[in-house]
2 protein chains.
Amino acid sequence: MYLCLMYSKELVKGTLKTIVLKLLAENGRMYGYEITRHVRQLTDGELELTEGALYPTLHKLEKDGLLVTEKESIGKRVRKYYSLTPSGSEASADKVREFQEFVQMMQLILNPKKINPAKSIV
Amino acid sequence: MYLCLMYSKELVKGTLKTIVLKLLAENGRMYGYEITRHVRQLTDGELELTEGALYPTLHKLEKDGLLVTEKESIGKRVRKYYSLTPSGSEASADKVREFQEFVQMMQLILNPKKINPAKSIV
DNA sequence: TTACAATACCTAAAAAAATTATGTATCTTT
DNA sequence: AAAGATACATAATTTTTTTAGGTATTGTAA
């Protein structure tokens with residue numbers, strides 16, 4: 001599992017890119033460690049991104065042209081800030097929309113309507 | 001991808017067990033092919049379970065004691081009906097609940113509240 | 001009647017993704 | 001001085017997913 005989650009490990013897959021892109025859309029620019037803290041805070045500790053998952057994802061998004069980086073020195077340490085490119089902004093909105101559509105689709109299965117039982121002929 | 005989906009391929013991962021268990025909870029007993037048709041119908045063609053994904057999942061759930069099977073002959077063909085065991089019923093409810101909790105958690109990230117900005121100190 | 005589509009099951013191998021386990025180094029608090 | 005937090009990174013293993021294949025029956029359209 002590429003994220004740590006209290007209750008369900010399987011469900012969260014495939015959402016890391018969405019999370020990262022959305023956070024950057026909200027916050028302008030962030031560095032990796034900051035993203036992990038932010039997610040922890042937002043979800044009240046329920047979701048903990050692991051670094052082994054986050055950094056490869058950030059690198060991939062950068063390679064795909066959705067993010068750009070700038071380094072900043074904090075004392076002797078170097079922080080790598082990520083921010084969205086124009087196509088990254090598009091991708092962020094797309095990903096969030098996709099997620100919401102996916103959830104609606106799942107609700108069709110998980111909360112089936114009992115209305116119009118004539119249609120339930122298999 | 002172990003399910004075919006029109007818009008998003010990454011998001012659906014990890015939901016197949018949930019879908020199968022919930023369908024069986026709703027419908028009493030179903031056979032594999034029937035499950036694929038049912039999902040297609042419920043989601044208006046948006047979600048197509050592949051057999052390469054479904055059958056291994058059914059076998060795994062059976063091995064885990066969540067499903068039991070009974071074979072039924074239809075002419076010369078044999079259908080394998082699956083139904084929930086008591087622990088399968090529990091698992092079904094659990095999985096659906098987990099999914100809903102997961103969605104709520106994701107909404108914390110995807111629809112962050114702008115209220116109380118004093119709390120947003122990182 | 002023949003061929004194609006649908007029904008119905010299944011699995012192994014290849015490909016992709018995720019996690020674990022590391023590694024390095026700095027800064028802050030106790 | 002040590003421990004914990006900050007901050008980056010990746011390579012190898014493990015797990016998961018998909019693709020591609022296999023078998024066989026039934027219904028339907030040409």
Side-chain angles (χ1 to χ4, degrees), chain A residues 1-6 8-20 23 29-41 45 47-64 67-82 121-122, chain B residues 1-6 8-20 23 29-41 45 47-64 67-82 121-122:
Chain A
M1 172 57 32
Y2 78 155
L3 319 108
C4 301
L5 191 61
M6 295 301 98
S8 170
K9 306 218 188 238
E10 283 182 319
L11 292 171
V12 198
K13 295 175 184 178
T15 55
L16 184 51
K17 282 184 201 166
T18 308
I19 292 169
V20 167
L23 286 184
R29 59 172 217 161
M30 300 177 89
Y31 54 99
Y33 190 76
E34 187 184 10
I35 292 172
T36 67
R37 298 304 107 176
H38 208 86
V39 167
R40 178 197 276 181
Q41 183 221 319
L47 189 56
E48 295 260 353
L49 306 189
T50 63
E51 302 187 322
L54 180 62
Y55 289 115
T57 297
L58 287 170
H59 301 159
K60 191 185 184 319
L61 291 173
E62 187 185 7
K63 209 189 88 196
D64 293 347
L67 305 181
V68 284
T69 55
E70 28 171 351
K71 287 179 182 171
E72 199 162 294
S73 291
I74 308 292
K76 279 183 182 170
R77 262 196 297 217
V78 176
R79 266 188 202 158
K80 208 166 152 187
Y81 275 96
Y82 291 86
I121 294 156
V122 183
Chain B
M1 173 56 32
Y2 79 154
L3 318 109
C4 301
L5 190 63
M6 295 300 99
S8 170
K9 305 216 187 235
E10 285 182 320
L11 292 172
V12 198
K13 296 175 185 180
T15 55
L16 184 50
K17 283 184 200 165
T18 309
I19 291 170
V20 167
L23 286 183
R29 58 171 219 163
M30 302 177 85
Y31 55 98
Y33 189 76
E34 187 184 9
I35 292 174
T36 67
R37 298 304 106 176
H38 210 85
V39 167
R40 178 197 274 182
Q41 183 222 319
L47 189 57
E48 296 259 352
L49 305 190
T50 64
E51 300 188 327
L54 180 62
Y55 288 114
T57 296
L58 286 170
H59 301 159
K60 190 185 185 319
L61 291 172
E62 188 185 6
K63 208 189 90 196
D64 293 348
L67 305 182
V68 285
T69 58
E70 30 172 349
K71 287 179 181 173
E72 199 162 292
S73 290
I74 308 293
K76 280 184 184 170
R77 263 194 296 217
V78 176
R79 267 186 201 163
K80 208 166 152 187
Y81 276 95
Y82 291 86
I121 295 158
V122 184

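Each chain gets a letter, A, B and so on, in the order its sequence line appears, and its residues count up from 1.
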Where does the angle between the aromatic ring planes of A/Y81 and A/Y31 fall among parallel (under 30°), tilted (30 to 60°) and perpendicular (over 60°)?
perpendicular
Rounding to a whole Å, what distance do you find between [X]:[atom1] and [N]:[atom2]?
X     : N      : atom1 : atom2 : result
B/E62 : C/dC9  : CD    : P     : 12 Å
A/K71 : C/dA25 : NZ    : C1'   : 15 Å
A/M30 : D/dT6  : CE    : C1'   : 15 Å
A/Y82 : D/dC8  : OH    : P     : 7 Å
B/R79 : D/dT25 : CZ    : C1'   : 12 Å

Counting side-chain heavy atoms from C-beta on, which of [options] comes nearest to [X]?
X     : options               : result
B/R77 : C/dC9, C/dA6, D/dT10  : C/dA6
B/K80 : C/dC9, C/dT11, D/dC8  : C/dC9
B/Y31 : C/dA8, D/dT25, D/dC8  : C/dA8
B/K76 : C/dC10, D/dC8, D/dT26 : D/dT26

By nearest-nucleotide position on DNA chain D, the 5'-leaning member of A/Y55 and B/P56 is A/Y55
B/T69-B/E62 side chain donor-acceptor pair, cut-off 3.5 Å:
yes
Quick one: which of B/K80, B/R77, B/R79, B/R29 gives a side-chain hydrogen bond (donor to acceptor under 3.5 Å, both in side chains) with B/E72?
B/R29
So what does B/G32 hit on the nucleic acid, given a heavy-atom distance under 4.0 Å: a base, only sugar-phosphate, or nothing?
sugar-phosphate
A/Y33 six-ring centre to A/R37 NZ/CZ under 6.0 Å and within 45° of normal:
yes
